[in-house]
Structures are given as C-alpha cells and as structure tokens.
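In what follows, chains are A, B, ... by sequence order, proteins preceding strands, each numbered from 1.
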Protein chains: 2
Amino acid sequence: MTRSTSASRQRIIVGAADLIRRRGLAGSTIRDLAGHSGAPLGSTYHYFPRGKQQLAAEAVRFAGDLVSRTLEQELAAGPVAGLRAFLTLWRQTVVDSGYRAGCPVLAVAVEEPPADGDPEAIIAAAEVFTAWQRLLAASLGEHGVAEPAATQLATLVIASVEGTVALCRAHGDIRPLDDVAAQLEILIATAIGT
Amino acid sequence: MTRSTSASRQRIIVGAADLIRRRGLAGSTIRDLAGHSGAPLGSTYHYFPRGKQQLAAEAVRFAGDLVSRTLEQELAAGPVAGLRAFLTLWRQTVVDSGYRAGCPVLAVAVEEPPADGDPEAIIAAAEVFTAWQRLLAASLGEHGVAEPAATQLATLVIASVEGTVALCRAHGDIRPLDDVAAQLEILIATAIGT
DNA sequence: CTCTGGCTATGACGATCGTTATAGCCTATC
DNA sequence: GATAGGCTATAACGATCGTCATAGCCAGAG
C-alpha cells in the first residue's frame, strides 16, 4: 500500500498548492488545505508532522518543480521558446481560474515567515525562484548572452512575470500579461541576436 | 478637534499599510492593525465602519498615493529619473526593513477578495497599479516612445519591480533588485533614444 | 485466522478571529 | 461650568484557528 499512501499524500500537496495560489498561506486553513483534496484533517498531520509550514513548503516545491520541468523541456528549443512556454503556462493559470488563481510561490514569498520554528515555506519559495532563474540564465548563456546580462535578464523575466500575474488578478484582465509578453520577447530575441 | 481626529485616523492607516506589507492582509488581524499605531480596537470600527476591507483599501490607497507623488515629481526630469526614484524607493523599503517588508499593494493583489460584500481592497490595489502605470506610460510618450510600446514598457516596469521586491524578500538579498534595475535602465534609456 | 501497523475518523484543547454593543471619558463650545 | 458629541475602553458574541490525542478501520504478512 505504499502506492496508495503516496497517492493520498500527493493529492493533499496538489490541493494545497491550488488553494495557496488562490488564498495565500495565511488565508488558507489546514482544514481547507486538507479538504480541498478530500483528505481528512487527521491525514494532514500524519503526512506532514511539522504542520502547516511543512505542507506549504512541499506544495511550493511541487508547483515549482512542475514549472521547472516544463521550462527545461521548452528551453531546449532556445530561450524564446522557453519564455513563450513560461508565459503560456501562467496565462492558462490566470485565465482558466477566472482571475482567481496566481502563483503559490509568490503567495508564500510575500508573507511573513513564523517567528518560531523553521520558515520552511519561504525557503522553498526562494529555492524555486533560484531554480527558474538559473534554467533561464543558463539557456541565455548557451545562446551567446554574456554575463552579467544573462543573469540580469533571467531575473527580470521571472520577476516581471510573477508581478504581471498579480496585476492580471487585480485587474481581472489578461492584458498586462500580454503586454509584458510582447516586451520580453523583443528583449530576449534582441539579446540572443536573432 | 477635527485635526486630532484626522491625525488618529491617519496614524491607523499608516500603521495598517506597514503591517500589511509585512504580513499580508489575511495575516494581519484587526487588533494588530490598530495596535501597530497605538490605537485601540474600538477606534478602528469608529473610523472604518465597514471593517477590515475598508481599512485595507485605505491603507493601499495611502501607500499608492505616496509612491505616485514621488513618481510624478521625479518623472518631471524624464523617464529614467522616474524609474530610478521608483527603484530607490523600493530598495529602501526592502533593505531598511531587513527584508521583512514588501509592497502592501501587491500583498492585497495576491489574496482572495471576500466572497460576500464589496472587495474594496483589491479594487483599490488595481487602481493604484493603473495610476503608476499611467504616470510612467505618459512620461514615456512625452519622450518619444510610441504606442503600444509606451504602455507595454510601463507595465513591464511596474510588474518587474513588484515581482523583484518579492524575490528580494524570499532570498534575503537585494541583488535581484539591482539586477532588474540595471536591465530596466538600459531598456528605458534605449526606448527614449538617449 | 490472527495480528500488525499505516491511515482515517472524531473530538477536543486553548487561543484568537472579525465584529458588535455599550458605558464612560474628555475636550470644545456656549 | 454645564452640555454635547467625538473618541476610547472594555467586554462579549459565535465561529474558527493550528494543533494534538486517541480510538477504530482495514489491508497485507505470518
């Protein structure tokens, strides 16, 4: 039953990531975090003994890895292809949710970590941001962009997309994302000289 | 005593903005929101009868107007000067707080508005973002940047700075902001042809 | 079949949530 | 110095918070 066990645990994580990206971490109760995937409250503390912070950290890592995999795949066809995939991913998230869902990593990053105990969640968020940024920076480097421009551009892309997703939610409009997409594509294409 | 009244009310708003940019809205209790400026809980509902949402909305507008005024002032010397002032403002916020404070407008924008009643706070957040974006876009237009580039660039700047502030908080490092600043400055300077 | 152990179900703990109500203070005006 | 009203102080409301404890269920190993 190791299989079924993992499945339950995984479903809690997936549900937690979905709820956090909508309501934030402080806005999501452990009961809702569990209930969003149909799991009972008791299971949450069985699988995540350190409580809310641990579950949030795992949800952030899950969402982060999901994006990282897509990013890595599409970057094989070059930085512009990777950028487009990254943008498309967030466009779907925002539009499909009716402008109610954002990025769970950002949601955790803008909240205060607990004063007592390890701030697992925000550390996980920082690691995810770093992972995305490195993937993009490496791809830019491989396509002829020198340092420090490659690093700076990669950070700019991650930051601007995260910020734009929040803008779209506030406005209830996808236009900010499309506007930023247009400028980023020009910027990256120019940087790699194509 | 209209003066003293306004002063108390204003101090609550200022304190609320400071707390929200650190803890988020859901992470800040009404008691803390009041107590952060030394005001009693009762005063909160006296000045803001519609409760937490109203106070949050006024805090967002206060912080937004503060930034708007600085932005408008510095943009008189051109888009690059305005950009630099905008970046410096956020740099101070993040560094001076020891990477514990971010942007209260973004904090509200990434949270779910209440299901019942008017979502005053997130509407205020959207209006603030629009105000900033229009100021910058207008300045770019006055310096020869045609549409839609002016609008797109302005949105890119706002979004990327908001996102970067969150990145800096997560990492406990100011470098993302400096990296983004470098790229944005090149981008804007190039766009206006200087 | 028996037994073991992972998982669920249930309920409770004290603390704290947003909000409301009301009684009293305190200053400005006449 | 009395009066009025803006503001504060205090207590309480039901609901819900994160967390923990424990009893029971149920599949797989012996």
Side-chain angles (χ1 to χ4, degrees), chain A residues 1-16 19-20 22-59 107-108 111-122, chain B residues 1-16 19-20 22-59 107-108 111-122:
Chain A
M1 243 249 213
T2 307
R3 187 56 52 85
S4 155
T5 290
S6 280
S8 276
R9 205 185 118 101
Q10 191 63 16
R11 271 190 290 114
I12 295 178
I13 293 177
V14 175
L19 206 59
I20 290 172
R22 295 171 186 267
R23 303 188 186 169
L25 182 51
S28 304
T29 75
I30 292 262
R31 284 167 178 84
D32 289 341
L33 248 20
H36 203 57
S37 62
L41 173 61
S43 296
T44 302
Y45 284 93
H46 176 75
Y47 291 117
F48 313 96
R50 293 191 301 281
K52 199 180 189 184
Q53 276 286 312
Q54 183 186 4
L55 175 52
E58 301 219 26
V108 165
E111 291 189 21
E112 196 175 57
D116 55 330
D118 286 325
E120 297 188 53
I122 202 167
Chain B
M1 242 252 209
T2 307
R3 188 56 52 84
S4 155
T5 290
S6 280
S8 275
R9 205 184 119 101
Q10 191 63 15
R11 271 191 290 112
I12 294 178
I13 292 176
V14 175
L19 205 59
I20 290 172
R22 296 172 186 266
R23 302 188 188 168
L25 182 50
S28 304
T29 74
I30 292 262
R31 285 167 177 84
D32 289 341
L33 248 21
H36 203 58
S37 62
L41 174 61
S43 295
T44 302
Y45 284 94
H46 175 76
Y47 291 117
F48 313 96
R50 292 191 302 281
K52 200 180 188 184
Q53 276 286 313
Q54 183 186 4
L55 175 53
E58 301 220 25
V108 165
E111 291 188 20
E112 195 176 57
D116 55 330
D118 286 324
E120 297 188 52
I122 202 167

query: Could you give the CD-to-P distance, from Q54(A) to dC20(D), as a whole number of Å?
result: 12 Å

- prompt: Excluding sequence neighbours, so at least two apart, what forms side chain to side chain contact (heavy atoms under 4.5 Å, CB included) with H36(A)?
  reply: D18(A), L19(A)

task: Identify, with sequence neighbours excluded, every residue that meets salt bridge (charged side-chain N to carboxylate O under 4.0 Å, His left out) alongside R50(B).
output: E120(B)

query: In B/S/- notation, 5' to 3', how is nucleotides 15-20 of chain C contacted by protein heavy atoms closer than 4.0 Å?
result: --SBBB

- request: Can you sort out the partners of E58(A) under side chain to side chain contact (heavy atoms under 4.5 Å, CB included), two or more places apart, ordered by chain and number?
  value: R9(A), I13(A), F48(A), Q54(A), R61(A)

Separation of dT10(D) C1' from H46(B) NE2 (nearest whole Å): 17 Å

field: For I30(B), side chain to side chain contact (heavy atoms under 4.5 Å, CB included) partners two or more places apart
entry: L41(B), T44(B), Y45(B), K52(B)

message: According to side chain to side chain contact (heavy atoms under 4.5 Å, CB included), who are the partners of A107(A), at least two apart in sequence or on a separate chain?
response: I20(A)

